[in-house]
Number of protein chains: 2
Amino acid sequence: MAGRTARAEQVGATRELILTAAERLFAERGVYTVSNRQVSEAAGQGNNTAVGYHFGTKTDLIRAIIRKHAARIEEIRARLLAATGDSTDVRDWVDCLVRPVPEHLGALGSPTWYARFCAQVMTDPALRRVMAEESLSSPSLRQIVDGLRRCLPDLPAEVRVERGDMARHLIVHVCAERERALAEHTPTPRSNWDDTATGLVDAVVGMWLAPVTPTP
Amino acid sequence: MAGRTARAEQVGATRELILTAAERLFAERGVYTVSNRQVSEAAGQGNNTAVGYHFGTKTDLIRAIIRKHAARIEEIRARLLAATGDSTDVRDWVDCLVRPVPEHLGALGSPTWYARFCAQVMTDPALRRVMAEESLSSPSLRQIVDGLRRCLPDLPAEVRVERGDMARHLIVHVCAERERALAEHTPTPRSNWDDTATGLVDAVVGMWLAPVTPTP
DNA sequence: GAAGAATTAAGGCAGCTGATTGACTTAGCT
DNA sequence: AGCTAAGTCAATCAGCTGCCTTAATTCTTC
């Protein structure tokens with residue numbers, strides 16, 4: 001099993017090239033306007049069908065991109081979760097919920113494409129299922145939901161899921177917006193990903209603590 | 001000019017059929033997976049190229065769909081704006097910002113497709129420009145931004161634009177989410193569009209009033 | 001070291017796309 | 001009534017798509 005280096009490494013490198021090229025093209029031009037051929041070419045593969053060979057369909061490729069980042073993000077979330085313990089401060093749990101994504105983007109170094117990619121996948125009527133499946137497989141997310149529920153026992157269950165959805169959308173789209181601004185050299189409200197996360201946490205905490213107007 | 005009825009009415013009806021069919025297909029299957037041909041057929045036009053004839057490119061068709069709804073939404077916003085006057089209550093201005101969209105969707109009657117359509121257009125790297133152009137042409141939106149600024153004079157300018165962006169994304173995606181749930185007969189957090197708007201306003205007001213953590 | 005498998009390359013195929021074109025139908029004007 | 005122009009239809013075009021097939025290359029394993 002010592003001989004797995006040479007070949008397997010080459011294959012892994014090719015896969016990585018394809019994943020990176022795909023993520024970039026998808027983010028910049030849109031998931032549906034970019035063909036598997038173009039991805040293969042952009043990855044430097046003379047092979048027309050490199051994507052098909054290594055990943056299968058475009059949906060499989062997208063799933064692979066998500067998984068690649070999910071691992072890192074999950075690590076960060078687990079770390080923050082450990083630090084939070086059994087806090088009863090809403091902000092601690094919102095930190096766990098919000099910070100992993102911008103922190104991951106910051107760690108990637110400029111420029112990044114993943115947030116714009118995610119925003120598209122989350123919004124597309126066909127692809128949103130893929131993203132949902134991959135997200136649901138994270139046990140740490142469930143822990144955060146539980147933690148928030150314990151902090152806010154009086155909040156009606158429907159409002160909790162409503163505001164959870166809002167937070168999800170907010171995280172992804174604010175990061176995507178900043179990513180786009182960076183790519184286009186447009187001014188951004190915050191000067192780095194860490195401050196972006198802070199602004200996001202401020203807003204999400206405010207949202208979550210907001211009083212609920214009763215509806216008849 | 002009295003004789004404009006017969007022919008012009010037919011044409012207007014055909015255009016309307018195409019717009020409705022396109023909006024529905026785009027929302028359900030995705031803007032890029034639906035071809036102009038399929039739109040023409042779904043609109044009952046034996047003509048392959050009805051979309052091209054009446055609207056031009058797909059982008060032009062999308063712009064026409066946006067304009068069609070924008071007029072109604074603008075009316076509602078103007079009405080709410082008049083009622084708000086020169087209030088100094090944040091919630092009044094957030095009402096003006098948030099309620100037009102869900103109220104418009106409610107007035108359309110179930111099922112609707114526009115919110116899902118908008119979510120896609122807003123997120124796509126190429127189409128987002130179209131949506132931005134159409135939105136910027138609304139003077140009443142600028143009034144609301146001004147009103148909010150007067151209510152929150154101590155909020156840093158960057159945080160104001162940041163939270164304005166957040167509100168924009170929240171409105172569209174929460175409405176899209178509810179629309180999707182209605183279409184799939186999945187339970188929704190709120191039982192009608194009016195309550196959805198209330199939940200959205202609660203959250204956006206909380207977000208806007210949230211304290212700002214200083215960043216070095 | 002040679003047989004064999006995995007990977008990459010290259011070309012070809014049917015199907016669909018947007019866009020153009022010309023023929024046909026119908027409304028509105030004189 | 002007859003002409004013009006707008007609207008509708010159907011066929012066609014080149015270009016691109018995903019997918020399949022067939023070499024060529026490279027590494028593994030016996």
Side-chain angles (χ1 to χ4, degrees), chain A residues 1-22 24-26 28-65 120-121 124-127 130, chain B residues 1-23 25-26 28-65 120-121 124-127 130:
Chain A
M1 281 295 165
R4 71 153 36 199
T5 28
R7 183 57 161 268
E9 210 163 280
Q10 175 60 28
V11 173
T14 306
R15 279 183 54 107
E16 197 63 29
L17 277 173
I18 293 175
L19 286 174
T20 306
R24 173 178 189 159
L25 289 178
F26 288 164
E28 288 178 345
R29 299 191 210 159
V31 172
Y32 285 104
T33 61
V34 177
S35 70
N36 287 355
R37 259 180 156 82
Q38 290 172 321
V39 172
S40 296
E41 284 172 20
Q45 302 298 301
N47 184 4
N48 274 342
T49 59
V51 168
Y53 182 80
H54 286 281
F55 296 97
T57 73
K58 182 179 276 193
T59 303
D60 295 327
L61 172 59
I62 286 169
R63 186 175 284 113
I65 296 174
Q120 287 180 64
V121 174
D124 185 83
L127 298 176
V130 180
Chain B
M1 285 290 168
R4 73 149 37 197
T5 28
R7 184 58 161 263
E9 209 163 281
Q10 175 62 27
V11 173
T14 305
R15 278 182 57 108
E16 196 63 30
L17 278 172
I18 293 175
L19 285 174
T20 307
E23 182 182 319
L25 289 179
F26 288 164
E28 288 178 345
R29 300 191 211 160
V31 171
Y32 285 104
T33 61
V34 177
S35 70
N36 287 355
R37 266 181 155 81
Q38 291 172 321
V39 171
S40 297
E41 283 172 20
Q45 304 296 302
N47 183 5
N48 274 342
T49 60
V51 167
Y53 181 80
H54 285 280
F55 296 97
T57 74
K58 183 179 276 193
T59 303
D60 295 326
L61 172 58
I62 286 169
R63 187 176 282 112
I65 295 174
Q120 287 181 63
V121 174
D124 185 83
L127 298 175
V130 180

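Order of the sequence lines sets the chain letters (A, B, ...), proteins ahead of strands, with each chain counted from 1.
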So if I take every side-chain heavy atom of [X] and compare against [options], which nucleotide ends up nearest?
| X | options | answer |
| --- | --- | --- |
| A:Q45 | D:dA6, D:dC20, C:dA9 | C:dA9 |
| B:T49 | D:dG18, D:dA6, C:dT20 | C:dT20 |
| A:H54 | C:dA19, C:dT7, D:dT8 | C:dT7 |
| A:N48 | D:dA11, D:dT8, C:dG12 | C:dG12 |
| A:R37 | D:dC19, D:dA6, D:dA11 | D:dC19 |

Smallest separation among heavy atoms of [X] and [Y], with atom names:
| X | Y | value |
| --- | --- | --- |
| B:D60 | B:F55 | CB-O, 3.0 Å |
| B:Y32 | B:K58 | CA-NZ, 4.1 Å |
| B:T14 | B:H54 | CG2-NE2, 3.8 Å |

Which part of the nucleic acid, if any, lies within contact of B:N36, taking any heavy atom under 4.0 Å across all strands shown: a base, the sugar-phosphate backbone alone, or nothing?
sugar-phosphate
Looking across every strand, which nucleic acid part, if any, lies under 4.0 Å from A:T57 by heavy atom: base, sugar-phosphate, or nothing?
nothing
Tell me whether the OP1 or OP2 atom of [N] has a side-chain N or O from [X] closer than 4.0 Å.
| X | N | result |
| --- | --- | --- |
| B:S35 | C:dG18 | yes |
| A:Q38 | D:dC16 | no |
| A:T14 | C:dT8 | yes |

Specify the separation, in whole Å, of atom CG of A:N47 and atom P of D:dT21.
15 Å
Identify whether the distance between the nearest side-chain nitrogen and carboxylate oxygen of A:R24 and A:E28 falls below 4.0 Å.
yes
